[in-house]
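Inspection log for the structure reproduced underneath, given as structure tokens.
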Number of protein chains: 2
Amino acid sequence: MKKQRKNSNAGFSVGDLKRRCEDVSAILKVLSHPQRLMILCSLIEGEKTVGELEKSCDVSQSAMSQFLKAMRLEGLIDFRREGQFVYYRIADERLVELMTALHKIFCS
Amino acid sequence: MKKQRKNSNAGFSVGDLKRRCEDVSAILKVLSHPQRLMILCSLIEGEKTVGELEKSCDVSQSAMSQFLKAMRLEGLIDFRREGQFVYYRIADERLVELMTALHKIFCS
DNA sequence: TTTTCATATAAAATTATTATAATATCTTTA
DNA sequence: TAAAGATATTATAATAATTTTATATGAAAA
């Protein structure tokens with residue numbers, strides 16, 4: 001009937017993270033779709049054209065364009081035009097850190 | 001008109017992560033909702049009853065119960081019953097690692 | 001200057017998620 | 001065993017995300 005001890009916690013004050021749940025979850029929402037996560041993985045390797053991303057991530061032309069636009073509006077990626085091609089790249093370094101962490105946590 | 005060099009990449013082979021996009025994005029989807037992220041933050045501090053979580057995360061009784069059930073089915077949390085109270089706790093240590101990384105990346 | 005290729009936009013259709021309301025279950029206590 | 005408190009379930013309503021289809025734009029090549 002008595003209450004158990006607390007679990008050992010994560011070794012950091014979780015208060016900061018709690019205060020940022022809105023922002024952080026918004027970024028995680030972008031990565032929470034398998035194809036968008038795939039797109040970002042591809043972009044980690046270096047900038048890519050829309051067409052290259054379509055092939056390597058198996059996403060339709062229209063869906064790709066819409067995903068890219070949304071991620072751009074989030075400030076996560078950016079692009080440059082070169083002739084008829086458009087090259088996208090990662091614009092937020094925190095994404096690189098995050099995906100590095102994901103790799104460490106889920107691929108070891 | 002010539003193609004630019006590749007960006008410097010993240011210092012890890014991204015292939016592993018690509019292969020796991022389905023799984024990883026499924027876990028991130030749980031954290032992609034501000035209130036669920038808040039719930040997990042609270043649980044990092046130690047196990048909590050449903051009622052405690054409702055108050056500290058400002059989630060309705062029904063929504064809380066549904067969130068907890070979904071996260072339990074994902075294997076991310078677990079519970080034990082003690083009298084009329086139900087205590088929830090984190091069941092997947094990768095969550096702790098992940099939130100530690102989120103703290104480092106987004107709260108510094 | 002028309003055609004073609006790469007990309008973007010818009011709208012509609014489909015599907016998924018979230019929130020809400022009502023009710024049920026289980027435990028404890030009067 | 002009836003009442004009260006804690007939690008769960010179910011159904012539904014409301015909203016949001018995704019996919020698909022069609023069309024548009026803008027640059028390059030024929």
Side-chain angles (χ1 to χ4, degrees), chain A residues 1-4 21-40 42-43 47-89 91, chain B residues 1-4 21-40 42-43 47-89 91:
Chain A
M1 211 65 88
K2 84 172 158 53
K3 192 158 168 214
Q4 280 201 335
C21 277
E22 293 275 347
D23 305 336
V24 174
S25 64
I27 290 178
L28 294 178
K29 178 170 277 179
V30 174
L31 311 213
S32 77
H33 186 288
Q35 292 179 311
R36 280 192 306 256
L37 183 53
M38 186 69 115
I39 292 167
L40 293 172
S42 290
L43 290 179
E47 64 172 12
K48 300 262 166 67
T49 69
V50 179
E52 287 171 336
L53 291 170
E54 277 167 38
K55 273 173 226 143
S56 69
C57 304
D58 192 40
V59 179
S60 77
Q61 195 276 311
S62 177
M64 178 59 77
S65 194
Q66 292 176 73
F67 282 155
L68 292 172
K69 181 181 194 178
M71 294 195 280
R72 183 163 54 73
L73 293 177
E74 265 308 300
L76 298 178
I77 61 179
D78 203 354
F79 70 96
R80 72 188 170 88
R81 174 150 224 150
E82 193 173 292
Q84 53 185 163
F85 298 94
V86 176
Y87 289 85
Y88 279 85
R89 64 176 176 279
Chain B
M1 210 63 87
K2 85 174 158 51
K3 192 158 170 214
Q4 280 201 334
C21 276
E22 292 274 346
D23 305 335
V24 174
S25 64
I27 290 177
L28 295 178
K29 177 170 278 180
V30 174
L31 311 214
S32 77
H33 185 288
Q35 292 180 311
R36 280 191 305 256
L37 183 52
M38 186 69 114
I39 292 167
L40 293 172
S42 289
L43 290 179
E47 65 171 12
K48 299 262 166 65
T49 68
V50 178
E52 287 171 335
L53 291 170
E54 278 167 36
K55 274 174 224 143
S56 69
C57 304
D58 193 39
V59 178
S60 78
Q61 195 276 312
S62 177
M64 178 59 76
S65 194
Q66 290 177 72
F67 282 154
L68 291 172
K69 182 181 192 177
M71 295 194 281
R72 183 164 52 75
L73 293 177
E74 272 295 313
L76 298 178
I77 62 179
D78 203 354
F79 71 95
R80 71 188 170 88
R81 177 151 221 150
E82 193 173 293
Q84 53 186 162
F85 297 95
V86 176
Y87 288 86
Y88 279 85
R89 63 176 177 278

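Please read these numbers as outputs of a predicted model, since none were measured by experiment. Proteins get letters first, then strands, A, B, ... in listed order; numbering begins at 1 in each.
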Compare side-chain N and O positions of [X] against OP1 and OP2 of [N] and report whether any pair is under 4.0 Å apart.
| X | N | value |
| --- | --- | --- |
| A/Tyr87 | C/dA6 | no |
| A/Lys29 | D/dA17 | yes |
| B/Arg81 | D/dA6 | no |
| A/His33 | C/dA16 | no |
| A/Arg36 | D/dA17 | no |

Whether A/Asp78 and A/Arg72 form a salt bridge (side-chain N of Lys/Arg under 4.0 Å from carboxylate O of Asp/Glu) is what I want to check. no
With a 4.0 Å cut-off on N to O distance, would you call A/Glu82 and A/Arg80 a salt bridge? yes
B/Val86, B/Leu68, B/Val50, B/Thr49 screened by side-chain contact (heavy atoms from CB on, under 4.5 Å) with B/Phe79, the one that passes: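 That would be B/Val86.
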Would you check, one step at a time, whether the test side chain to side chain contact (heavy atoms under 4.5 Å, CB included) holds for B/Val30 with B/Leu37? CA-CA 7 Å; B/Val30 174; B/Leu37 183 52; over 6 Å; no
Which whole-number value in Å describes the distance from [X] [atom1] to [N] [atom2]?
| X | N | atom1 | atom2 | result |
| --- | --- | --- | --- | --- |
| A/Phe79 | D/dA27 | CZ | P | 13 Å |
| B/Glu54 | C/dT20 | CD | C1' | 14 Å |
| A/Gln35 | D/dT20 | CD | C1' | 13 Å |
| A/Phe85 | D/dA29 | CZ | C1' | 12 Å |
| B/Ile39 | D/dT7 | CD1 | C1' | 14 Å |
| B/Asp58 | C/dT20 | CG | C1' | 15 Å |
| B/Arg80 | C/dT27 | CZ | C1' | 16 Å |
| A/Gln61 | D/dT25 | CD | P | 15 Å |

Got a donor-acceptor pair under 3.5 Å from the side chain of [X] to the base of [N]?
| X | N | answer |
| --- | --- | --- |
| A/Ser60 | D/dT19 | no |
| B/Thr49 | D/dA6 | no |
| B/Ser62 | D/dT9 | yes |

Look up atom NE2 in B/His33 and atom CG in B/Leu40, then write down how far apart they are to the nearest 0.5 Å.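 These two atoms lie 12.0 Å from each other.
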Side chain of B/Gln84 - closest among D/dT9, D/dA27, D/dA6: D/dA6
B/Val50 has a side chain; which of D/dT18, D/dA8, D/dG26 sits nearest to it?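 Selected nucleotide (nearest to the side chain): D/dA8.
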For a quick check under 3.5 Å, do B/Gln66 and B/Ser62 share a side-chain donor-acceptor pair by atom type? yes
Numerically ordered, the residues 64-76 of chain A set in heavy-atom contact under 4.0 Å with DNA chain D is A/Gln66, A/Phe67
With a 3.5 Å distance limit and no angle check, can you tell me whether A/Ser25 reaches the backbone of A/Glu22 through a side-chain donor-acceptor pair?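 Checking the backbone N and O of A/Glu22 against the side chain of A/Ser25, a donor-acceptor pair under 3.5 Å is found.
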How close do A/Leu43 and A/Tyr88 get, heavy atom to heavy atom, and via which atoms? CD2-O, 3.4 Å
